[in-house]
Amino acid sequence: MTYSAPIVAALVTLTFIAAILSGRFAMVIQDIPNERSLHAKPTPRTGGIGLIAGLLCGWAVIGNTLWWWLVLPLLVLFAVSLADDMRGLPVRQRLLSQLASAAILVWGSGLFAQQGMLIALLVLLFSVWMTNLFNFMDGSDGLAGGMALFGFGSYGIAAWLTHNPSLAVLNLTIAAAAAAFLYYNFHPAKVFMGDAGSIPLGFLVAAMGLLGWQQGSWEPWFPVLVFSPFIVDASVTLLKRTLRGVKVTEAHREHYYQRLIQLGWGHRNVALAEYALMLAASCSALWALQHAFPWQMLLAWSAAYACLMWLVDMRWKNFTRGKNV
């Protein structure tokens with residue numbers, strides 16, 4: 001096993017993003033502020049290109065532990081998302097690429113033959129949801145990169161603790177690329193991730209989670225708890241908007257992290273608070289993995305998230321009431 005892969009991933013990501021920012025290509029793909037943005041000035045949306053380039057170079061060092069059904073859909077999603085960043089693609093085309101990528105993952109991994117149609121369908125839907133969810137939550141300096149660092153870092157530690165070094169290095173390589181991206185993305189961000197970074201990362205959350213389950217490193221609840229800060233925020237926000245009859249694909253600023261920024265916390269404080277939440281969720285998941293108390297832990301976290309969301313909702317109601325007075 002080549003343990004230099006995370007170092008390669010970090011160095012390539014750092015170098016690649018620096019090269020992009022110093023050239024004209026950074027001006028080609030920019031995030032232009034609008035009424036729903038949390039930023040005030042145009043910012044390059046090319047950081048994901050360097051991040052994915054870094055993790056792929058790191059994985060290339062590993063070599064023979066990769067699978068076609070993992071790399072192929074990752075490349076497809078990267079290419080489609082980069083095209084979307086550059087010129088915009090219809091929702092149908094993006095969704096079809098995500099469904100096709102999830103289907104390749106489920107079929108190529110042998111899950112359908114091992115677990116049957118129902119489990120395979122659930123994993124396929126989870127893969128598509130995670131692919132989009134990471135993109136939904138990529139709207140504040142340092143947020144998506146931090147979740148990738150803590151989440152895939154936890155995957156790597158869990159794999160190491162369960163004596164699966166190959167899986168550990170694969171995940172730690174992703175975490176290292178995310179850490180390098182954060183050098184440019186933490187507030188004040190010099191570059192954003194863009195769909196070319198967030199969409200493939202969301203897919204990898206599901207793909208590496210499935211791989212760890214199949215190889216016996218963890219149970220299905222583990223990836224859910226590790227990435228619960230993103231899963232809960234995006235899922236609850238989408239559910240609330242759906243119940244109100246709002247168009248799901250419409251851009252908005254209703255995520256809990258977005259409302260905290262609008263309440264005056266700022267990008268830096270929101271990122272640090274989310275990091276504390278990510279660290280707590282990751283550590284508790286690793287602890288539960290060793291002590292086999294997942295249901296108690298999941299119930300405790302459900303109560304904690306309910307309280308946190310209630311507090312933000314109350315602050316938001318007072319905030320909007322004050323603006324309307």
Side-chain angles (χ1 to χ4, degrees), residues 5 9 12-13 16-17 20 25 28-29 45-113 120-138 144-145 147-148 151-152 155 167 170-171 173-174 177-178 181 192-212 214 223 227 230 234 249:
V12 170
T13 300
F16 215 100
I17 295 178
I20 290 175
F25 187 67
V28 175
I29 308 176
R45 200 153 40 112
T46 50
I49 301 174
L51 193 158
I52 299 301
L55 78 86
L56 287 175
C57 287
W59 279 5
V61 173
I62 300 172
N64 60 2
T65 59
L66 296 175
W67 299 268
W68 68 269
W69 45 265
L70 176 64
V71 177
L72 176 60
L74 178 66
L75 293 174
V76 168
L77 289 173
F78 173 72
V80 171
S81 300
L82 181 58
D84 186 41
D85 281 335
M86 295 182 69
R87 64 175 186 270
L89 294 177
V91 174
R92 180 178 297 180
Q93 290 185 17
R94 287 179 280 152
L95 184 58
L96 284 175
S97 71
Q98 294 163 13
L99 285 168
S101 297
I104 292 172
L105 171 69
V106 169
W107 184 265
S109 65
L111 183 68
F112 180 82
L121 179 60
L122 290 174
V123 171
L124 185 146
L125 293 175
F126 178 73
S127 299
V128 174
W129 175 229
M130 287 304 306
T131 299
N132 285 280
L133 179 150
F134 226 87
N135 186 39
F136 295 159
M137 297 294 291
D138 180 27
M147 185 76 262
F152 290 106
Y155 277 7
L167 182 63
L170 285 174
N171 283 285
T173 300
I174 305 173
F181 165 75
F192 295 157
M193 188 177 292
D195 288 3
S198 61
I199 292 291
L201 280 179
F203 169 78
L204 286 173
V205 171
M208 303 310 289
L210 170 61
L211 192 58
Q214 287 184 311
F227 285 92
F230 268 27
T249 56

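Values below: every heavy atom of this structure, side chains too, minus hydrogens, waters and symmetry copies.
Within the 4.5 Å cutoff, the side chain of Q93 has no heavy atoms near those of the V80 side chain. L210 is listed as a side-chain neighbour of S109, based on a closest heavy-atom distance under 4.5 Å. At a threshold of 4.5 Å between non-hydrogen side-chain atoms, the residues I20 and F16 count as touching. Counting only heavy atoms from C-beta outward, the side chains of L74 and W59 approach each other to under 4.5 Å. Two residues are said to be in side-chain contact when any heavy atoms from C-beta on lie closer than 4.5 Å; Y155 and I174 fail this criterion. Annotation: side chain of F78 is not in contact with side chain of L56 (no heavy-atom distance under 4.5 Å). Counting only heavy atoms from C-beta outward, the side chains of L124 and L99 approach each other to under 4.5 Å. The side-chain heavy atoms of L201 and D138, taken from C-beta on, include no pair separated by under 4.5 Å.
Taking CG from L72 and CG from L66, the interatomic distance works out to 12.5 Å, rounded to the nearest 0.5 Å. For the atom pair CG of L89 and CG of L96, the computed distance is 11.5 Å after rounding to the nearest 0.5 Å. Taking CE of M193 as the reference point, atom CG of L51 lies at 5.5 Å (rounded to 0.5 Å). For the atom pair CG of L125 and CE of M130, the computed distance is 13.5 Å after rounding to the nearest 0.5 Å. For the atom pair F112 CZ and L121 CG, the distance stands at 10.0 Å (nearest 0.5 Å). Separating the CZ atom in F192 from the CZ atom in F181 is a distance of 9.0 Å, to the nearest 0.5 Å.
The two residues V76 and S101 make their nearest non-hydrogen contact at CG1-OG, 4.0 Å. Between T13 and A9, the shortest heavy-atom distance links the atoms OG1-O, 2.8 Å. Considering every non-hydrogen atom in both A5 and G58, the closest pair reads CB-O, 3.3 Å. G47 approaches I17 most closely through the heavy-atom pair O-CD1, 3.7 Å. Here the closest heavy-atom approach between residue M86 and residue I29 is recorded as CG-CD1, 3.3 Å. Considering all non-hydrogen atoms of both residues, A102 and V128 come closest at CB-CG2, 3.9 Å.
For the pair W69 (side chain) and V106 (backbone), a donor-acceptor distance under 3.5 Å is absent. The backbone N or O of N132 sits nowhere less than 3.5 Å from a side-chain atom of Q98 that would complete a donor-acceptor pair. With D85 contributing its side chain and A196 its backbone, the two residues share a donor-acceptor pair below 3.5 Å.
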For W67 and L211, what are the C-alpha separation, side-chain angles and deciding distance, and is it a side-chain contact (heavy atoms from CB on, under 4.5 Å)? CA-CA 11 Å; W67 299 268; L211 192 58; 3.4 Å; yes
*Full working for side-chain contact (heavy atoms from CB on, under 4.5 Å) between F152 and L170*: CA-CA 9 Å; F152 290 106; L170 285 174; over 6 Å; no
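Environment of CH2 in W107: sparse, with no more than 12 heavy atoms of neighbouring residues, nucleotides or ligands closer than 6.0 Å.
At a cut-off of 3.5 Å, with distance as the only test, a side-chain donor of N135 or S198 sits close to an acceptor on the other residue.
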